[in-house]
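Values below: every heavy atom of this structure, side chains too, minus hydrogens, waters and symmetry copies. These numbers were taken from a predicted model, which means no experiment stands behind them.
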Amino acid sequence: MKKLYKVFIMFILLLSFLSINISTTEGATKKIAHVNVKIGTLSVRSNTSLTSKKVGSLKKDAGVYVYAKTKSGWSEIRYKEKKAYVMTKHLKFANSYLADKKKIYTYVIEGKQYKHVYTGKNLGWDEWTLNKEVYILGEDKNGLHSGYPQSEYTTSIKYPIKIGKKWSIEMGGDGFALVTSVTKTVKVPAGTFKNCIEVMTSDGYLFYYAKNVGFVKGVYQGVTYNKLIKMEKK
């Protein structure tokens, strides 16, 4: 069983682990956004006014956690661990690709069925079980991640999501993954999912993720080896 579990994690979660302890990953309870400016940087201010003191700036695509939005067009963030504000119109809020904790997922992997059930929080991460094996999912301003409790994790999607976005999936190697589409329609037994993210690895695997659902299908050399066949309420 442990061998099958490791194969599953390898296929779904981009084939490699980064040497970062997962307990350092921030939770996804806050809204994730990225700076969306055409030129220059985004000013960070001490209060919700253009005349408020400027306490810093953020580059294009920088990730932030938004704690609240005001009616006057400002978003509350943390800058150098202190409360600060940026103009909401210069932020692009991210979609979530975490699995739905209120659902039980059933996948078919090379002809065999596997159920995935959310079991609670683990150091801020979502803990899931594949039969009796445990793995963890997490999402922060840098991407969608998965791994093992109190161990290492891999990045499945690097944020902000853009076609051509590329990241390494091998420590000290040439392996990489990149976003090849953000508009794929994926049909699997569990349903039809529009505007899916397509991620391709350097060794030819394709992975598909749906908004608020997570992983829905894996393909290798034109053959679907892993697909979501059912989502049911717990």
Side-chain angles (χ1 to χ4, degrees), residues 1 3-17 28 94-118 125-131 133-139 143-148 153-170 175-234:
M1 181 62 213
K3 181 178 179 181
L4 288 175
Y5 172 66
K6 289 182 178 178
V7 169
F8 174 81
I9 290 296
M10 179 183 71
F11 282 153
I12 287 187
L13 304 165
L14 300 184
L15 313 173
S16 68
F17 290 103
N95 292 323
S96 175
Y97 293 90
L98 273 177
D100 187 342
K101 297 186 287 290
K102 297 180 181 179
K103 302 286 180 63
I104 296 174
Y105 289 62
T106 303
Y107 292 92
V108 167
I109 307 170
E110 297 181 339
K112 296 183 179 181
Q113 292 190 16
Y114 299 89
K115 283 194 174 183
H116 303 260
V117 182
Y118 172 72
W125 288 64
D126 295 342
E127 183 177 278
W128 290 73
T129 60
L130 168 62
N131 290 352
E133 299 293 339
V134 177
Y135 67 98
I136 292 179
L137 297 176
E139 188 175 45
L144 177 69
H145 315 289
S146 176
Y148 298 98
Y153 70 82
T154 183
T155 297
S156 302
I157 309 175
K158 186 76 171 177
Y159 294 168
I161 297 171
K162 296 180 180 181
I163 293 178
K165 186 82 171 183
K166 184 177 179 180
W167 63 99
S168 174
I169 57 171
E170 287 184 9
F176 64 86
L178 76 158
V179 175
T180 47
S181 178
V182 296
T183 58
K184 287 290 184 179
T185 296
V186 178
K187 295 182 179 181
V188 291
T192 299
F193 301 94
K194 296 182 178 181
N195 297 317
C196 288
I197 306 301
E198 180 184 75
V199 174
M200 182 181 71
T201 67
S202 52
D203 48 3
Y205 287 90
L206 293 173
F207 302 87
Y208 297 90
Y209 300 85
K211 176 184 174 182
N212 298 323
V213 174
F215 176 80
V216 292
K217 188 172 75 168
V219 176
Y220 182 64
Q221 295 184 343
V223 178
T224 297
Y225 63 84
N226 190 342
K227 59 187 175 183
L228 181 63
I229 65 167
K230 185 189 301 183
M231 288 193 303
E232 54 191 325
K233 292 183 179 180
K234 295 179 68 175

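Rounding to the nearest 0.5 angstrom, the gap separating the CG atom in N195 from the OG1 atom in T185 is 6.5 Å. The line from OG1 of T129 to CD1 of I136 is 12.0 Å long, rounded to the nearest 0.5 Å. Between Y209 atom OH and E198 atom CD the span is 11.5 Å, to the nearest 0.5 Å. Here the OG-CD1 distance, from S181 to I161, works out to 11.5 Å after rounding to the nearest 0.5 Å. A distance of 9.5 Å separates OG1 of T180 from CD1 of I197, quoted to the nearest 0.5 Å.
V199 and A177 make their closest contact through CG1-CB, 3.9 Å (heavy atoms, listed as atom of the first residue, atom of the second, distance). In plain terms, the two heavy atoms of Y159 and N95 that are nearest each other are OH-O, 4.2 Å. When all heavy atoms of Y225 and Y205 are compared, the pair lying nearest together is OH-CD2, 3.7 Å. Considering all non-hydrogen atoms of both residues, F215 and L228 come closest at O-CD2, 4.4 Å. Taking both residues in full, the closest heavy atoms of E127 and V134 are given as CG-CG1, 3.4 Å, listed atom of the first, atom of the second, then distance. Here the closest non-hydrogen pair linking H116 and Y114 is CD2-O, 3.4 Å.
Under the rule for a side-chain contact (heavy atoms from CB on, under 4.5 Å), the partners of I163 that lie at least two apart in sequence or sit in another chain are V182. Take Y208 and apply the ring pair (Phe, Tyr, Trp, His ring centres under 6.0 Å) test, not counting sequence neighbours, and it matches no residue. Residues satisfying the side-chain contact (heavy atoms from CB on, under 4.5 Å) criterion with A210, sequence neighbours excluded, are F193, C196, V213, V216. With sequence neighbours excluded, the residues satisfying side-chain contact (heavy atoms from CB on, under 4.5 Å) with K115 are I104, T106, E232. By the side-chain hydrogen bond (donor to acceptor under 3.5 Å, both in side chains) test, S96 pairs with E139, sequence neighbours left out. With sequence neighbours left out, K102 forms a side-chain contact (heavy atoms from CB on, under 4.5 Å) with D100. Residues passing the side-chain hydrogen bond (donor to acceptor under 3.5 Å, both in side chains) test with T192: none are found, sequence neighbours excluded. Applying the salt bridge (Lys or Arg N to Asp or Glu O under 4.0 Å) rule to K162 yields the partners D61; only residues at least two apart in sequence or on another chain are considered. The salt bridge (Lys or Arg N to Asp or Glu O under 4.0 Å) test applied to K101 returns D126, not counting sequence neighbours.
The shortest side-chain heavy-atom distance between K233 and K103 falls under the 4.5 Å cut-off. Inter-residue side-chain proximity for Y220 and N226 is flagged as unmet; no heavy-atom pair is nearer than 4.5 Å.
Among residue pairs with one or both ends in residues 211-227, none qualify as salt bridge (charged side-chain N to carboxylate O under 4.0 Å, His left out); sequence neighbours excluded.
Using cut-offs of 30° and 60° for the angle between ring planes, the H145 and W125 rings count as tilted. Note on ring orientation: taking the six-membered ring where Trp is involved, the planes of W128 and Y105 are perpendicular (angle over 60°, cut-offs 30° and 60°).
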